[in-house]
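Each residue takes its place number in the sequence, starting with 1.
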Amino acid sequence: FDRLVSGELVYTGVVRSCVNTLCRKIPYKNIMVPLMAEYFCTSADVYRILEWLPDRADYGSTMDGRAKDKVSSMTRLARMIGKDYNPDDDLEWNKACEYIAGQQMQMVEKSIVAILSINSEVKTLVSAGVGAFLVKLIAERLSLDCVNFAKCIVPNNIGFDDIVSDCAPAVALVFINSNFN
């Protein structure tokens, strides 16, 4: 709670966040169209369309219970502005997804910038979770270093790969409560 209030915690994700919590409007054919206040489309659809979502991260159900492919994701996104999917609009949905992703990154970026204004000694972000790819992009935009959670906490001789960052809180507890060196 305290970290959420202070802005140190930005609770947003690349799988389950509803698109209308990331922005209020999206570009479509050179106009900004308001999003419906509905649960038609999630961030997983956005990152699936952009082909940024790692396969292992696509674990949630879709909002309509249908397929997890680009066309189905575009269909769900189209519903957010009262449209039916039309293959001629694929470029429009890609542009909209780039916009939505940018808005989500700005949300996180604003909190990081606020923290940096208080503590300019921060030079590195630690990425964790299935959205670690976004943290890396944000770090690049802010000229900060970025290190994956797994590289920080998992000893090299154990042999875990970066997938442990997907479950960072649980993995951290294991290492906090163990004698691993």
For K83 and Y28, the nearest pair of non-hydrogen atoms, with its separation, is CE-OH, 3.2 Å
Apart from F1 itself, its cluster of hydrophobic side chains linked below 4.5 Å comprises V5
Notebook entry, point to check: Could you go step by step and tell me if T42 and V15 meet the side chain to side chain contact (heavy atoms under 4.5 Å, CB included) rule?
Noted result: CA-CA 7 Å; T42 65; V15 177; 5.9 Å; no
Please check if V126 and V135 belong to a single hydrophobic cluster, counting links between Ile, Leu, Val, Met, Phe, Trp and Tyr side chain heavy atoms closer than 4.5 Å.
no
Residues S127 and N148: closest non-hydrogen pair is OG-CA, 3.5 Å
Looking only at heavy atoms, the pair that brings S72 and D69 closest together is N-OD1, 2.7 Å
Here the gap from L125 atom CG to I112 atom CD1, rounded to the nearest 0.5 Å, amounts to 4.5 Å
Apply ring-ring contact (aromatic ring centres under 6.0 Å, His included) to residues Y85 and W93 and explain how you reach the verdict. CA-CA 10 Å; Y85 171 73; W93 303 127; 7.8 Å; no
**Asked** Are I138 and V122 connected in the hydrophobic side-chain network, where two residues link if heavy atoms are under 4.5 Å apart?
**Response** yes
Please check if the side chain of T75 supplies one atom and the backbone of V71 the other of a donor-acceptor pair under 3.5 Å. yes
* Asked: Side chain of T62, backbone of G65: donor and acceptor closer than 3.5 Å?
  -> yes
Original post:
Should V14 and V46 count as side-chain neighbours, where that means a heavy-atom distance under 4.5 Å?
Top reply: no
Minimal heavy-atom distance between L9 and L4, with the atoms involved, is O-CD1, 3.4 Å
CA sep, side-chain torsions, deciding dist, call: R76, R66, side chain to side chain contact (heavy atoms under 4.5 Å, CB included): CA-CA 10 Å; R76 287 186 283 274; R66 296 196 175 144; 4.0 Å; yes
Side chain to side chain contact (heavy atoms under 4.5 Å, CB included) between M74 and K70, intermediate numbers included = CA-CA 6 Å; M74 289 180 194; K70 283 180 85 168; 4.1 Å; yes
task: Say whether Q104 and Y47, considering side chains only, have a donor N or O and an acceptor N or O under 3.5 Å apart.
output: yes
Looking at K123 and D145, is any side-chain nitrogen of the basic one under 4.0 Å from a carboxylate oxygen of the acidic one? no
Output for pair (L116 CG, L144 CG), nearest 0.5 Å, gives 5.5 Å
One should read off an interatomic distance between L22 CG and I100 CD1, to the nearest 0.5 angstrom, of 7.0 Å
Might you work through the side chain to side chain contact (heavy atoms under 4.5 Å, CB included) test for V19 and D45, ending with a clear yes or no? CA-CA 9 Å; V19 168; D45 290 306; 5.8 Å; no
Other residues, nucleotides and ligands only: do more than 12 of their heavy atoms fall within 6.0 Å of CG on D84? no
| message | Taking the side chain as everything from C-beta on, heavy atoms only, tell me whether V171 gets closer than 4.5 Å to D166. | response | no
Point to revise | N/O donor-acceptor pair under 3.5 Å between S6 side chain and R3 backbone | key: yes
With a cut-off of 6.0 Å (strictly less than), are more than 12 heavy atoms of other residues, nucleotides or ligands near NZ of K68?
yes
Heavy-atom nearest pair, N94 first then L50, reads O-CD2, 3.9 Å
- Does D89 reach the side chain of N86, with side-chain heavy atoms less than 4.5 Å apart? yes
Practice problem: Determine whether V108 and L134 make a side-chain contact, defined as any pair of heavy atoms from C-beta on separated by less than 4.5 Å. | Solution: no
Task: Ionic contact status for E92 with K29, cut-off 4.0 Å - done: no
query = Between Y39 and D64, is any side-chain donor less than 3.5 angstrom from a side-chain acceptor?
reply = no
Out of curiosity, does L142 fall in the hydrophobic cluster containing M107 (side-chain heavy atoms, cut-off under 4.5 Å, transitive links)? yes
Separation between NZ (K151) and SG (C146), nearest 0.5 Å, reads 12.5 Å
Can any side-chain N or O of S111 pair as donor or acceptor with the backbone N or O of G7 at less than 3.5 Å?
yes
**Item:** Pair R48-S73, side-chain donor/acceptor within less than 3.5 Å
**Value:** yes
Problem set entry | Side-chain touch I26/L35, heavy atoms, less than 4.5 angstrom | yes
Within a strict 4.5 Å, meaning less than it, do heavy atoms of the K25 and P34 side chains meet?
yes
Heavy-atom distance under 4.5 Å between the side chains of I81 and M36, does that happen here? no
If you draw the axis of the six-membered ring of F40, does the NZ or CZ of R79 fall within 45° of it and under 6.0 Å from the ring centre?
yes
Q. Any side-chain heavy atom of L77 within less than 4.5 Å of one from C97?
A. yes
Taking every heavy atom of C18 against every heavy atom of M63, the minimum-distance pair comes out as SG-CE, 4.0 Å
Please check if the side chain of N20 supplies one atom and the backbone of E38 the other of a donor-acceptor pair under 3.5 Å.
yes
Tell me whether S17 contacts the main-chain N or O of G13 through its side chain, where contact means a donor paired with an acceptor under 3.5 Å.
yes
One should read off an interatomic distance between E109 CD and L137 CG, to the nearest 0.5 angstrom, of 10.5 Å
